[in-house]
Engineer: 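Could you have a look at this structure, given as structure tokens, before my questions?
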Amino acid sequence: FYEFEFVATIADKGVSVSRTWKGWVKPKDVTSEMTCAQFLAAPSQAKGTISGVVTFAVPNKGYWVKDDTASVYVYAAGEYEVKVGDKVTVSGTKDIYYSLVELVSPSVDELTAGNGAFDYEANAVESNVAAIREIVANAKDEDGQYKFETISSYGKFYKIGGVVLANTDSSISYKWVISDYTTGEIFNLYDSSMEAGTLEKLAELEGKYVEAVFMLWDIHSNGYGRLVPVLSTLKEAAAPTVADDVKVANTKAELQALLE
């Protein structure tokens, strides 16, 4: 609310009397057209309109919209009309769920139907588990706030190879992790934001080396990151060859970690 002050003065024959009133007025909601990057950088509760292509959708939960600057997650609980590959213009309010910027209370202003697909391979960056873990490790600035480069990496796609393993960390509720074949480093796979059939596919691939396109969903409350595999890209592949000296170094590191 904006505060205002109104002063009335009556003057007569050199004598004046004044009275002051104070009040508050609620500003009119203004929705501004923004790029996805501008929406990410806007103040919390800002009203914004973004346009882009739908890259990933989770039934009854929400979908991601991408333009040339970044991606924004549209929180749309319940049924919604958009599909992957559609071009949309959507308006809503900026909210923040832990570190994830969300466009909430969405209203679809324009919708151009696509072909039901998005070219994940063409839009993914070659990466590995270690590189994604590095994003998480350097997510915050000196003041403990999430960096813009961190939150703008959410919704991006990465080509990653690794071994599908069951999660053994009882403090984390997710069923599966992806493990780097060379180093053994792991990364959590976010169950509840996967496409239908993905969990079953991961169960088939348990213990096997796979290659897939993964989306970095976000970094959650306790500091762990969450990847989501794209089902259509998830497949078994030939494991890379690991040199003997690398195997020795990895085994040494594992033993040192156990001793510590």
Engineer: Do the side chains of L111 and V82 get nearer than 4.5 Å, heavy atoms only?
Structural biologist: yes
Engineer: Just by modelled atom types, is the A139 backbone N or O under 3.5 Å from a matching donor or acceptor in the T150 side chain?
Structural biologist: yes
Engineer: Shared ILVMFWY cluster between W176 and M215, side chains joined below 4.5 angstrom?
Structural biologist: yes
Engineer: Measuring from atom CD1 of I160 to atom CG of L227, what distance do you get when rounded to the nearest 0.5 angstrom?
Structural biologist: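 Output value for this atom pair is 5.0 Å.
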Engineer: Indicate the atoms forming the closest heavy-atom contact of S71 with W64, along with that distance.
Structural biologist: CB-CE3, 3.9 Å
Engineer: Taking atom CG as the centre, does N222 end up with more than 12 heavy-atom neighbours from other residues, nucleotides or ligands that are less than 6.0 angstrom away?
Structural biologist: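 Buried by this count: over 12 neighbours within 6.0 Å.
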Engineer: What about F118 and L231, same hydrophobic cluster or not, with Ile/Leu/Val/Met/Phe/Trp/Tyr joined at side-chain heavy-atom distances under 4.5 Å?
Structural biologist: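 Different clusters.
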Engineer: Is the shortest distance from a Lys or Arg side-chain nitrogen in E185 or R133 to a carboxylate oxygen in the other one below 4.0 Å?
Structural biologist: yes
Engineer: How close do K83 and V54 get, counting heavy atoms only, and between which atoms?
Structural biologist: O-CB, 3.4 Å
Engineer: Do K159 and E211 make a side-chain contact, defined as non-hydrogen atoms from C-beta onward lying under 4.5 Å apart?
Structural biologist: no
Engineer: What heavy-atom pair brings S16 and T9 nearest, and what distance separates the two atoms?
Structural biologist: CB-CG2, 4.1 Å
Engineer: Identify the heavy atoms of E206 and A166 that sit nearest to each other, and give their distance.
Structural biologist: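 Shortest heavy-atom contact: OE2-CB, 3.8 Å.
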Engineer: Would you please test S91 and D109 for side-chain hydrogen bond (donor to acceptor under 3.5 Å, both in side chains) and show each step?
Structural biologist: CA-CA 7 Å; S91 300; D109 304 321; 2.5 Å; yes
Engineer: Does N167 form a side-chain contact (heavy atoms from CB on, under 4.5 Å) with I172? I'd like the steps, not just the answer.
Structural biologist: CA-CA 8 Å; N167 173 42; I172 297 175; 4.1 Å; yes
Engineer: Find out if a path of hydrophobic residues (ILVMFWY) with successive side-chain heavy-atom gaps under 4.5 Å connects Y63 to V58.
Structural biologist: yes
Engineer: Looking only at heavy atoms, what is the nearest atom pair of D143 and D141, with distance?
Structural biologist: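 The answer is N-OD1, 2.9 Å.
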Engineer: Would you please classify the geometry between the Y120 ring and the F157 ring as parallel, tilted or perpendicular, with 30° and 60° separating the classes?
Structural biologist: perpendicular
Engineer: Do L199 and L165 share a hydrophobic cluster, counting only Ile, Leu, Val, Met, Phe, Trp and Tyr and linking them when any side-chain heavy atoms are less than 4.5 Å apart?
Structural biologist: no
Engineer: Could you list the donor-acceptor pairs under 3.5 angstrom formed between side-chain atoms of residues 93-103 and any protein atom two or more places apart in sequence or on another chain?
Structural biologist:
residue: T93; atom: OG1; partner: K47; partner atom: NZ; Å: 3.0
residue: K94; atom: NZ; partner: L40; partner atom: O; Å: 2.6
residue: K94; atom: NZ; partner: A42; partner atom: O; Å: 2.4
residue: S99; atom: OG; partner: Y154; partner atom: OH; Å: 2.8
residue: S99; atom: OG; partner: I219; partner atom: O; Å: 2.7

Engineer: Is it true that L216 and V74 fall in one hydrophobic cluster, defined by side-chain heavy atoms closer than 4.5 Å?
Structural biologist: yes
Engineer: Starting from the C-alpha separation in whole Å, work towards a yes-or-no answer on side-chain contact (heavy atoms from CB on, under 4.5 Å) for I135 and Y158.
Structural biologist: CA-CA 12 Å; I135 294 174; Y158 301 88; 3.9 Å; yes
Engineer: To the closest 0.5 Å, what do you measure between CG (D86) and CD (E81)?
Structural biologist: 8.5 Å
Engineer: Can you name the closest pair of heavy atoms from K66 and T55 and give their distance?
Structural biologist: CB-CG2, 3.6 Å
Engineer: With heavy-atom distances below 4.5 Å as the criterion, would you say the side chains of T168 and V177 are in contact?
Structural biologist: no
Engineer: Taking C-beta and beyond as the side chain, do V228 and L189 meet within less than 4.5 Å on heavy atoms?
Structural biologist: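 No, every pair of side-chain atoms sits at 4.5 Å or beyond.
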Engineer: Would you please test I132 and S127 for side-chain contact (heavy atoms from CB on, under 4.5 Å) and show each step?
Structural biologist: CA-CA 8 Å; I132 305 302; S127 192; 3.6 Å; yes
Engineer: Quick check against the 3.5 Å criterion: does D67 have a side-chain atom that pairs as donor or acceptor with the backbone of T69?
Structural biologist: yes
Engineer: Within this structure, what is the NZ-CE distance for the pair K201 and M194, rounded to the nearest 0.5 Å?
Structural biologist: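 Atom-to-atom, K201:NZ and M194:CE are 14.0 Å apart.
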Engineer: Take a 6.0 Å sphere around OH of Y209 and say whether it holds more than 12 heavy atoms from other residues, nucleotides or ligands.
Structural biologist: yes
Engineer: Applying the ring pair (Phe, Tyr, Trp, His ring centres under 6.0 Å) criterion to W217, which one of Y73, Y174, F187 satisfies it?
Structural biologist: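 Checked Y73, Y174, F187 against W217; only one passes ring pair (Phe, Tyr, Trp, His ring centres under 6.0 Å): Y73.
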Engineer: Please identify each residue that fulfils side chain to side chain donor-acceptor pair (under 3.5 Å) with K61, with sequence neighbours left out.
Structural biologist: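 Checked K61 against side chain to side chain donor-acceptor pair (under 3.5 Å); matches are Y190, S192, S193.
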Engineer: Any ion pair linking R226 and D218 (charged N to carboxylate O, less than 4.0 Å)?
Structural biologist: yes
Engineer: Looking at E110, I want to see if its CD is surrounded by more than 12 non-hydrogen atoms of other residues, nucleotides or ligands under 6.0 Å.
Structural biologist: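 Not more than 12 within 6.0 Å, no.
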Engineer: Got more than 12 heavy atoms from elsewhere within 6.0 Å of CD, E79?
Structural biologist: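 No, not enclosed.
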Engineer: Would you check, one step at a time, whether the test side-chain contact (heavy atoms from CB on, under 4.5 Å) holds for V90 with T49?
Structural biologist: CA-CA 6 Å; V90 58; T49 299; over 6 Å; no
Engineer: Quick check against the 3.5 Å criterion: does T183 have a side-chain atom that pairs as donor or acceptor with the backbone of D180?
Structural biologist: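 The answer is no, because no donor-acceptor pair under 3.5 Å joins these two groups.
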Engineer: I'd like to know whether NZ of K235 has more than 12 heavy-atom contacts from other residues, nucleotides or ligands below 6.0 angstrom.
Structural biologist: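 Yes, the 6.0 Å shell around NZ holds more than 12 heavy atoms from other groups.
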